[in-house]
Amino acid sequence: MTAIAPFLFSHATGRVIFAPDALPQLPQLAEQAGCRKACLIVDPFVLGGPLEERLRDLLGGLGPVLHAVPQHEPDSDSVEAARDVLLASGADLVVALGGGSAMDTAKAARMLASNGVAADALANPRGMTMTPHASLFVCLPTTAGTGSEVSESAIVAKAGTDYKMVLRSAEMAADVALLDPDLGVSAPPKVTATAGYDAVTHAVEAFGSKLASPLTDPFAVSAMRLLGANLERAWRDPEDREARAACLIGAMQAGIAFNSAHLGLAHAIAGAMGALHHTPHGLANALALPWTTAFNEAALGDKATVIAECIGGPGGGSGARESAAEALSRLRHAIELDIGLDSEVPDESARDRLAESAMGSGQVRMNVRLADRGQVRVIVEHMRRPTGGGAPHLNL
Ligand SMILES: [Fe+2]
């Protein structure tokens with residue numbers, strides 16, 4: 001047996017509650033914690049819809065203030081706006097309801113409020129000690145994706161720039177992650193696909209990371225199995241609550257894994273695409289992951305076989321043994337994310353800049369195989385071609 005390398009595992013989320021129709025548990029959680037006033041940070045779709053009405057009914061006694069985040073990913077301006085609403089509300093119950101943007105905004109806004117500083121002062125990818133916020137913090141993810149409900153970090157762009165800050169502290173984590181698969185039923189298939197592929201990328205990259213450990217691997221493997229077996233089902237039939245529940249749990253497990261194992265080359269490229277071209281995060285990961293996995297395949301060793309079996313099942317349904325990259329390519333094709341890079345990144349100089357920017361990410365160093373700028377540029381060039389669900393051939 002090979003020696004186990006030293007590792008650090010961190011998980012600061014207090015409680016995880018999973019239940020169909022879990023939303024009505026909110027008032028009880030608030031009462032148990034003695035909360036008197038609620039502030040809800042939500043996705044824009046919540047306002048004016050049936051969910052707003054339901055939340056106001058459930059939390060009526062707590063004088064709920066609702067704040068919708070903008071459509072774009074959080075930046076220093078939008079998290080400071082949320083902090084101002086939070087401070088003005090005097091809330092001792094903070095609920096984030098939505099996708100990664102709503103949850104990351106709430107996480108950051110609480111820390112800006114309790115630490116009395118601007119977002120830049122808290123930016124540190126290695127994490128830092130922060131003054132806790134005196135509130136009960138509940139995260140309700142509406143899509144299976146970011147895993148932000150169980151991670152200790154938030155990504156916040158510096159407004160007006162392509163620079164993404166990482167805020168990280170155990171104090172940012174949710175006290176309660178409330179997983180309710182019924183909340184995702186109304187999500188459009190495209191959102192299910194992109195958010196779900198982000199979760200797949202978290203699981204695969206955490207599993208392949210240099211910081212993967214005996215505590216992160218079981219979460220990553222289970223996440224890959226659940227998402228591999230259920231993402232296409234949830235995409236095809238939004239009412240398939242069983243598939244949706246499996247994806248929600250898989251995305252959360254992937255979040256637990258990458259909170260400690262971190263991510264890799266696909267996220268380095270996806271982060272740069274988001275910053276430079278505003279490409280939706282899950283789509284950017286779908287464009288990159290089959291190719292970065294082809295690049296990593298040999299370095300992954302036995303783990304590549306595990307990825308292929310978890311995502312594609314034994315033989316990938318075709319009888320032949322698939323590679324990990326092929327299984328990921330087939331999955332993205334099945335959920336209609338097999339598109340070429342050119343629709344997002346228009347020309348050669350933009351592709352040069354994308355490769356350059358990706359190299360600036362710390363995630364490059366977590367990747368199982370160290371890539372240089374030239375190799376990342378070749379991967380970016382290959383991303384222009386859809387794979388039709390077949391094996392991505394990369395000569396690197
Ligand atoms: Fe991600």
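Values below: every heavy atom of this structure, side chains too, minus hydrogens, waters and symmetry copies. Numbering of ligands and ligand atoms starts at 1, following listing order. Fair warning: this is a prediction, and the values are worked out from it, not measured in the lab.
For R377, the CZ atom sits in a packed shell: over 12 heavy atoms of surrounding residues, nucleotides or ligands are nearer than 6.0 Å. Summarising the local packing, CD of Q71 is surrounded by 12 or fewer heavy atoms from other residues, nucleotides or ligands at distances under 6.0 Å.
Take a cut-off of 2.8 Å around the Fe ion (ligand 1): the protein N, O or S atoms inside it are D198 OD1, H202 NE2, H267 NE2, H281 NE2.
Clustering of Ile, Leu, Val, Met, Phe, Trp and Tyr side chains at separations under 4.5 Å places L136 together with I17, L23, L26, L29, L40, V42, F45, V46, L47, L51, L55, L58, L59, L62, L66, L93, V95, L97, V138, L140, V176, L178, L183.
Under the ring-ring contact (aromatic ring centres under 6.0 Å, His included) criterion, the residue pairs touching residues 243-263 are H202-F258, with sequence neighbours excluded.
Of the possible donor and acceptor atoms, none in the side chain of E297 sits under 3.5 Å from a partner among the backbone N and O of A304.
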Less than 3.5 Å apart, which donor and acceptor atoms pair up between the side chains of residues 386-396 and the rest of the protein, not counting sequence neighbours?
residue	atom	partner	partner atom	Å
T387	OG1	S329	OG	2.9
T387	OG1	R332	NH2	3.2
T387	OG1	D338	OD1	3.4

